[in-house]
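Since this is a predicted model, take the numbers as computed values, not measurements. In what follows, chains are A, B, ... by sequence order, proteins preceding strands, each numbered from 1.
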Amino acid sequence: MPELAEVEYFRKRWDPGLGARVARVEFHGMARLFRGIPAAEFEKTLTGSRLVSSAAHGKQMIFRFDRATLGLHLGMTGELRTAPPDFVPGKHDHLVLFQKGATLVFSDPRLFGRILFQKGRCDPDWWTNRPPDLLSPDFTKAALAVFLLRRKAAPIKAVLLMQERFPGLGNWMADEILWQARLHPSTPGGKVADVARLWKTIRSVCRDALRVIGANWADPPDDWLFNHRWRDGGTCPRCGLELLRQDIGGRTTCWCTRCQAG
DNA sequence: TCTCGTGTTTCTTG
DNA sequence: TCAAGAAACACGAG
């Protein structure tokens with residue numbers, strides 16, 4: 001389920017490896033996660049390198065080593081964890097970095113994730129050219145308004161999932177934002193009347209999700225749609241009406257027909 | 001056995 | 001050339 005907050009949570013799971021060198025690398029180099037990465041160079045460079053720092057931006061993570069950078073994207077089912085030194089990688093553990101104190105594991109059953117790799121200490125282009133963080137001052141109401149006009153015909157649900165403008169938003173966060181902002185998910189981008197309200201809601205949902213899920217994988221408050229959206233028969237925590245689930249913008253979308261009448 | 005899915009990329013259509 | 005939708009990717013869960 002990795003969206004913004006979950007990605008931040010997973011990133012920190014590799015913190016025990018900070019400052020330590022990689023003694024051995026095990027990986028399934030042929031898995032599609034590694035698209036185009038030369039296996040021999042990958043292994044040679046990472047072996048002996050020291051993990052210096054890490055950061056997350058949206059759904060993308062960067063792990064900086066003293067002689068290379070590693071980019072990780074979790075796709076739909078990826079996860080990071082640490083394991084004991086005698087860890088034996090399983091079928092879905094596609095990248096395992098053995099250090100003296102910790103074993104860093106990246107697993108992904110569905111192989112929708114992605115691994116990026118660049119030799120050297122410079123941050124790669126895919127990191128330096130990223131769009132503004134949704135909580136940064138550069139994500140402005142004006143920028144949001146311009147983007148909505150550019151995507152004027154697309155349903156707002158689909159627009160919120162566009163990572164080029166909303167890095168880190170995924171399916172449940174988009175539904176949560178639209179529910180809190182009382183916007184029907186099919187509303188065309190160009191027809192969003194209260195852009196300021198949408199902007200404010202995007203920021204508050206991101207901030208709260210990071211605080212709650214990003215910190216320790218706790219559940220968001222019970223009065224969020226989040227806790228009611230997963231099963232058929234769930235009801236709106238605001239008005240009690242049964243929630244509707246339907247495919248909008250190619251994704252399963254959950255909303256309240258009364259609160260989000262459009 | 002069949003359907004579905006918290007993501008992204010590529011292809012197709014308009 | 002751009003925007004929007006559909007299909008594809010791969011596999012476990014229900």
Rounded off to whole Å, could you give me the [atom1]-to-[atom2] distance for the [X] and [N] pair?
X	N	atom1	atom2	answer
A/Arg32	B/dT8	CZ	P	13 Å
A/Trp172	B/dG5	CH2	P	18 Å
A/Arg229	B/dC4	CZ	P	16 Å
A/Leu72	B/dT8	CG	P	14 Å
A/Lys157	B/dG7	NZ	C1'	12 Å
A/Leu161	B/dG7	CG	C1'	9 Å

Problem set entry | Nucleic acid contacts of residues 197-208 of chain A, taken as heavy-atom distances under 4.0 Å to DNA chain C |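 Hits under 4.0 Å, by residue number: none.
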
Would you be so kind as to tabulate the donor-acceptor pairs closer than 3.5 Å made by side chains of residues 129-136 of chain A, with sequence neighbours excluded?
unit_1, atom_1, unit_2, atom_2, d
A/Asn129, ND2, A/Asp125, O, 3.4
A/Arg130, NH1, A/Trp127, O, 2.8
A/Asp133, OD1, A/Leu135, N, 2.8
A/Ser136, OG, A/Asp133, O, 3.0
A/Ser136, OG, A/Asp138, N, 3.2

For this session: Write out all pairs satisfying salt bridge (charged side-chain N to carboxylate O under 4.0 Å, His left out) with one or both partners inside residues 108-118 of chain A, taking only residues at least two apart or from two chains.
Result: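 Applying salt bridge (charged side-chain N to carboxylate O under 4.0 Å, His left out) to every pair that reaches into residues 108-118 of chain A, excluding sequence neighbours, yields nothing.
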
Problem set entry | Pairs touching residues 159-169 of chain A that satisfy salt bridge (charged side-chain N to carboxylate O under 4.0 Å, His left out), sequence neighbours left out |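 As it turns out, the salt bridge (charged side-chain N to carboxylate O under 4.0 Å, His left out) pairs with a partner in residues 159-169 of chain A, which skip direct neighbours, are A/Arg150-A/Glu164, A/Arg151-A/Glu164.
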
Problem set entry | Aromatic ring pairing A/His28/A/His94, orientation class (parallel under 30°, perpendicular over 60°, tilted between) |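 Taking A/His94 first and then A/His28, their aromatic rings stand perpendicular (interplane angle over 60°).
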
Exercise. Using the P atom in both, what is the distance from B/dC11 to C/dA10, to the nearest Å?
Worked result: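 Pairwise P distance, B/dC11 against C/dA10, rounds to 15 Å.
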
Check: [Y] main-chain N/O paired with [X] side-chain donor or acceptor under 3.5 Å:
X	Y	result
A/Trp14	A/Arg81	yes
A/Glu8	A/Gly58	no
A/Thr103	A/Pro84	yes
A/Asn171	A/Thr252	yes

Distance-only donor-acceptor hits, side chain of residues 67-76 of chain A, under 3.5 Å, sequence neighbours excluded:
unit_1, atom_1, unit_2, atom_2, d
A/Arg67, NH1, A/Thr47, O, 3.2
A/Arg67, NH2, A/Gly48, O, 3.3
A/His73, ND1, A/Gly75, N, 2.9

Problem set entry | Boundaries of the DNA chain C segment in contact with chain A, non-hydrogen, under 4.0 Å |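 In short, chain A contacts DNA chain C from C/dA3 to C/dG12.
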
Problem set entry | Pair pattern of DNA chain C in dot-bracket, where unpaired bases get dots and | marks partners in another strand, Watson-Crick or G-U under 3.5 angstrom | .||||||||.||||

Exercise. Are A/Leu116 and A/Met61 linked, directly or through other ILVMFWY residues, by side chains that come within less than 4.5 angstrom of each other?
Worked result: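 A/Leu116 does not cluster with A/Met61.
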
Problem set entry | Neighbours of DNA chain B within residues 242-261 of chain A, by heavy-atom distance under 4.0 Å |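 When residues 242-261 of chain A is checked for heavy atoms under 4.0 Å from DNA chain B, the hits, listed by number, are A/Arg251, A/Thr252.
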
Exercise. Which is true for A/Pro155 with a 4.0 Å heavy-atom rule: it touches a base, it touches only sugar-phosphate, or it touches nothing?
Worked result: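 The residue A/Pro155 makes sugar-phosphate contact but no base contact.
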
Exercise. Are the side chains of A/Ile213 and A/Leu4 in touch, meaning some heavy atoms are under 4.5 Å apart?
Worked result: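 Of all side-chain heavy-atom pairs linking A/Leu4 with A/Ile213, none is under 4.5 Å.
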
Problem set entry | Close side-chain approach of A/Ile156 and A/Val159, heavy atoms under 4.5 Å |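 The answer is yes, as the side chains (C-beta and beyond) meet within the 4.5 Å cut-off.
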
Exercise. With a 3.5 Å cut-off and just heavy-atom distances, do the side chain of A/Arg110 and the base of B/dG7 make a donor-acceptor pair?
Worked result: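 Such a pair does not exist between side chain and base.
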
Problem set entry | Contacts of type side-chain contact (heavy atoms from CB on, under 4.5 Å), residue A/Pro16, not counting sequence neighbours |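 Counting only residues at least two positions away or on another chain, A/Pro16 forms a side-chain contact (heavy atoms from CB on, under 4.5 Å) with A/Thr82, A/Ala102.
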
Exercise. What do you reckon, is NZ of A/Lys191 surrounded by more than 12 foreign heavy atoms closer than 6.0 Å?
Worked result: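 Open.
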
Exercise. Looking only at side-chain N and O atoms, does A/Gln163 come under 4.0 Å of OP1 or OP2 in B/dG7?
Worked result: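 Checking A/Gln163 against B/dG7: no side-chain N or O falls below 4.0 Å of OP1 or OP2.
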
Are there any protein N/O atoms within less than 3.5 Å of an N/O atom in nucleotides 9-14 of chain B, and if so, which ones and at what distance?
none

Side-chain atoms of residues 34-43 of chain A: list all donor-acceptor pairs with protein atoms under 3.5 Å, sequence neighbours left out, distances to 0.1 Å.
unit_1, atom_1, unit_2, atom_2, d
A/Arg35, NE, A/Arg32, O, 2.9
A/Arg35, NH2, A/Gly113, O, 3.0

If you look only at distance, which donor and acceptor atoms sit under 3.5 Å apart when one is on a side chain in residues 174-181 of chain A and the other is two or more places apart or in another chain?
unit_1, atom_1, unit_2, atom_2, d
A/Asp175, OD1, A/Lys157, NZ, 2.8
A/Asp175, OD2, A/Arg229, NH2, 2.3
A/Asp175, OD2, A/Cys254, N, 3.0
A/Glu176, OE1, A/Leu225, N, 3.2
A/Glu176, OE1, A/Phe226, N, 2.7
A/Glu176, OE2, A/Gln180, NE2, 2.9
A/Glu176, OE2, A/Leu225, N, 3.0

